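Note sheet for the following structure.
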Amino acid sequence: MNDFSDLENKLKALRPASPSADLLSRLEKAMTEEKGETPSDYKIVRPDRFQINWAFGLGLAAAAVLLLVVRVNFRPPHDTSRLAAISPAPTIGSVAPALRNAFIPSGATQVVYHTRDEGLLFPGLAEEPVRRVRSRTRETLQWHNPATGASLRVSYPSEQVQLIPVAGQ
């Protein structure tokens with residue numbers, strides 16, 4: 001048969017021990033005490049303690065809105081756009097006779113061909129963040145010799161980095 005049948009029969013024969021008289025008297029005494037005097041009564045959390053104070057919350061919200069309104073900068077942004085300009089050529093009669101055989105500036109142009117916003121920066125001692133804008137330009141300078149009719153044109157690229165203050169952040 002089963003090897004555990006003897007063990008199972010012995011376990012079925014076991015009965016729990018009866019409680020002592022001391023335990024029964026302590027239980028009876030604890031059950032007859034009044035409910036107001038039990039030490040566990042002070043551990044009950046009353047729901048009225050968790051009421052939300054709406055006036056305090058609305059006051060904080062109003063203060064936050066006021067701070068945002070005060071902090072917003074109402075000044076218009078700086079106009080950083082620039083147009084290419086050509087200076088007019090001087091007239092030959094206004095040039096001194098000794099300078100007629102020299103190159104005279106006849107124009108200059110500056111063309112912005114790429115502008116990139118590189119995001120916000122937080123400089124070390126500044127109170128507000130700044131936005132870094134990088135612009136690539138090509139500048140062309142022109143000279144003209146009125147006596148010989150020769151002209152000279154020089155172009156060179158340049159890069160400009162602007163730090164624009166950001167307000168209202």
Side-chain angles (χ1 to χ4, degrees), residues 27 30-31 33-169:
L27 283 174
M31 292 175 71
E33 286 182 358
E34 293 183 23
K35 290 186 179 182
E37 296 178 5
T38 59
S40 64
D41 191 36
Y42 66 89
K43 295 180 183 177
I44 296 174
V45 178
R46 305 281 180 230
D48 60 344
R49 291 183 185 171
F50 293 107
Q51 289 180 351
I52 298 172
N53 190 353
W54 290 103
F56 182 69
L58 289 175
L60 281 178
V65 168
L66 181 65
L67 284 175
L68 284 175
V69 168
V70 169
R71 184 69 180 124
V72 172
N73 190 358
F74 290 107
R75 289 180 289 163
H78 299 292
D79 187 18
T80 58
S81 62
R82 295 184 180 155
L83 298 176
I86 300 174
S87 59
T91 59
I92 296 176
S94 66
V95 178
L99 296 177
R100 286 192 184 171
N101 198 14
F103 282 97
I104 300 171
S106 62
T109 59
Q110 181 180 26
V111 178
V112 178
Y113 63 90
H114 183 70
T115 301
R116 183 176 67 212
D117 184 1
E118 294 183 344
L120 292 176
L121 295 176
F122 295 91
L125 299 176
E127 293 181 11
E128 296 181 344
V130 294
R131 183 170 300 279
R132 182 166 56 184
V133 178
R134 187 177 301 265
S135 301
R136 292 186 181 162
T137 61
R138 180 168 305 275
E139 294 186 41
T140 303
L141 303 172
Q142 299 174 11
W143 292 274
H144 179 71
N145 187 337
T148 62
S151 65
L152 176 65
R153 181 180 296 180
V154 176
S155 293
Y156 60 94
S158 65
E159 186 174 57
Q160 180 181 10
V161 177
Q162 290 179 316
L163 298 176
I164 302 169
V166 177
Q169 294 287 329

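The analysis underlying the following values was restricted to heavy atoms, covering all of them including side chains, and did not include hydrogens, waters or symmetry mates. All values reported here derive from a predicted model rather than from experimental measurement.
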Minimum-distance pair of heavy atoms, taken over all atoms of P129 and F122: CB-CE2, 3.4 Å

Return the OG1 to CD distance between T137 and Q160, rounded to the nearest 0.5 Å. 7.0 Å

Can you confirm whether E128 sits close enough to V166 that some side-chain heavy atom of one is under 4.5 Å from a side-chain heavy atom of the other? no

Heavy-atom check, side chain of Q142 versus side chain of S151, under 4.5 Å: no

Can you find a heavy atom in the side chain of H144 that is under 4.5 Å from one in the side chain of I104? no

Please round to the nearest 0.5 Å and tell me the distance separating atom CZ of R132 and atom CZ of R134. 5.5 Å

Identify the heavy atoms of V154 and W143 that sit nearest to each other, and give their distance. CG2-CZ3, 3.8 Å

Counting only heavy atoms not in R153, do more than 12 fall under 6.0 Å of its CZ? no

Please give me the minimum heavy-atom distance between A102 and P146, naming the atom from each residue. O-CD, 3.6 Å

